[in-house]
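For ligands, and for the atoms within them, numbers begin at 1 and follow the listed sequence. Values below: every heavy atom of this structure, side chains too, minus hydrogens, waters and symmetry copies. Residue numbers run from 1 in the order of the sequence given. Since the structure is predicted, the reported quantities are computational estimates derived from the model, not experimental observations.
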Amino acid sequence: MHSIVQRPRRLRATPAIRELVAESSLEPRHLIQPLFVKEGTSTPTPIPSMPGVFQHTVASMRSILDELVDAGVKSVMLFGVPSERDAVGSAACDPEGILNVAVSAARTHVGDSLVIIADLCLDEFTIDGHCGVVDGSGIVDNDATLDHYCAMAVALAKAGAHMVGTSGMMDGQVGAIRSALDEQGYTNVGILAYAAKYASAFYGPFRDAVESTLTGDRLAYQQDPRNRRESMREIALDCEQGADIVMVKPALSYLDVVREAADSTTIPIAAYVVSGEMTMVELAAAHGLIDRDRAIAEILHSVRRAGAHLVCTYWALEYSRSVTRKVQP
Ligand code: PBG
């Protein structure tokens with residue numbers, strides 16, 4: 001025997017002691033489930049680039065919402081996939097547009113049992129797939145876009161959204177939307193601000209999911225992956241402008257940003273495990289290269305450990321159902 005006084009293995013010896021000293025946890029209430037709702041379809045359509053994820057009809061969305069409530073999940077993030085797009089993304093503000101229809105159907109169906117967050121961005125609705133309106137020289141016009149965002153926010157609030165998720169990375173979007181909502185009396189509709197959103201290759205599969213028409217890139221408005229301090233600036237600005245929750249996106253390549261955000265703000269932090277991050281795991285698991293359930297649990301816990309209060313993930317429902325099976329990382 002050696003005289004080793006500090007033996008960290010004592011705290012790892014049995015499942016009970018590991019449970020006792022675990023530093024973070026992940027419960028269904030920590031998860032946000034993104035859902036895609038497509039206009040003009042009668043059956044849910046699998047998304048080829050995102051194994052296990054569907055473009056829903058309004059009816060199939062309703063049944064998933066019931067399942068989320070049963071599984072203890074508290075929030076859903078809705079994305080619309082319209083059948084027609086135009087230069088200014090008019091469908092985003094149209095009460096008959098698919099996202100507003102989905103939000104309204106969701107709110108009528110679940111009331112306040114789930115927090116209904118609606119994605120607030122024009123990229124699904126514009127013909128060129130940009131997150132805002134493009135001016136004559138091909139540049140996304142920040143301030144002109146804000147007018148559309150304000151109208152979209154009010155339309156989503158009218159449809160019944162509890163929160164809007166500002167994902168377009170325009171300067172001043174949180175402040176402009178906050179004023180527009182307040183002016184119309186929607187002081188209780190919250191803003192989940194995608195504060196630190198990077199121009200990421202990991203959004204690739206999502207662009208299939210929403211049938212994106214984007215040909216260029218979003219480098220002139222989303223953040224440069226090389227930067228960390230810039231995120232702190234974006235987060236501080238969104239907090240000043242009235243964000244209720246700030247989100248870091250993607251999650252996995254940016255866990256340092258999640259940690260710093262958690263340490264430097266007093267509002268809840270969310271992080272989004274995006275489509276490409278999910279698909280990497282699904283494809284590796286499909287090839288028998290990794291244990292899928294353990295990999296998912298490890299990834300979701302890593303985001304919590306980094307400091308996120310909320311994790312937006314396509315695995316929210318599945319993970320929440322499996323909590324009773326106690327899959328630990
Ligand atoms: C833009 C938006 C995107 C995602 C969520 N909101 C795509 C983009 O910025 O290009 C990506 C989500 C994912 O990849 O899972 N409205």
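Judged by a 6.0 Å distance limit and a 45° cone about the ring axis, K249 is not positioned over the six-membered ring of F202.
Taking the six-membered ring wherever Trp is involved, the centroid distance between the rings of Y254 and Y198 falls below 6.0 Å.
For atom 2 (C) of ligand 1, the nearest non-hydrogen atom of the protein is K197 NZ, 3.2 Å. Annotation: atom 4 (C) of ligand 1 to nearest protein heavy atom, K249 NZ, 2.7 Å. For atom 14 (O) of ligand 1, the nearest protein heavy atom (residue, atom name, distance) is S275 OG, 2.7 Å. Counting only heavy atoms of the protein, atom 15 (O) of ligand 1 lies nearest to Y314 OH, 2.5 Å. Ranking protein heavy atoms by distance to atom 10 (O) of ligand 1, first place goes to R207 NH2, 2.6 Å. Among protein heavy atoms, the minimum distance from atom 12 (C) of ligand 1 is reached at F206 CD1, 3.2 Å. Closest protein heavy atom to atom 16 (N) of ligand 1: D123 OD1, 2.8 Å. Atom 8 (C) of ligand 1 has R218 NE, 3.5 Å as its closest protein atom, hydrogens excluded (heavy atom only).
At a threshold of 4.5 Å between non-hydrogen side-chain atoms, the residues M152 and V164 do not count as touching. Side-chain contact between F125 and S90: absent, with no pair of heavy atoms (C-beta onward) separated by less than 4.5 Å.
Residue E124 has at least one heavy-atom neighbour below 4.0 Å for each of these atoms of ligand 1: 16 (N). Within ligand 1, counting atoms from 1 as listed, the ones closer than 4.0 Å to a heavy atom of Y272 are 12 (C), 15 (O). The Q222 neighbourhood of ligand 1 comprises atoms 8 (C), 9 (O), with distances under 4.0 Å to a heavy atom of that residue. The atoms of ligand 1 that sit less than 4.0 Å from any heavy atom of S167 are 1 (C), 6 (N), 16 (N).
Contact annotation: for C121 versus ligand 1, heavy atoms closer than 4.0 Å belong to the side chain alone. Residue contacts with ligand 1 for L214 are absent, since no atom lies close enough (heavy atoms, distance under 4.0 Å). Contacts of M278 with ligand 1, taken as heavy-atom pairs under 4.0 Å, are absent altogether.
A salt bridge links R178 to D182: one of the charged nitrogens lies within less than 4.0 Å of a carboxylate oxygen. Under 4.0 Å is where a charged nitrogen must lie from a carboxylate oxygen, and between E260 and R228 at least one such pair does.
Taking the six-membered ring where the residue is Trp, Y272 and Y194 present tilted rings, their angle falling between 30° and 60°.
No more than 12 heavy atoms of other residues, nucleotides or ligands lie within 6.0 Å of CD in E84, so this atom counts as exposed by the packing criterion. Crowding of N188 atom CG: a count of heavy atoms from other residues, nucleotides or ligands under 6.0 Å not exceeding 12.
The cluster map of Ile, Leu, Val, Met, Phe, Trp and Tyr, joined by side-chain heavy atoms under 4.5 Å apart, puts F79 and L192 in the same cluster.
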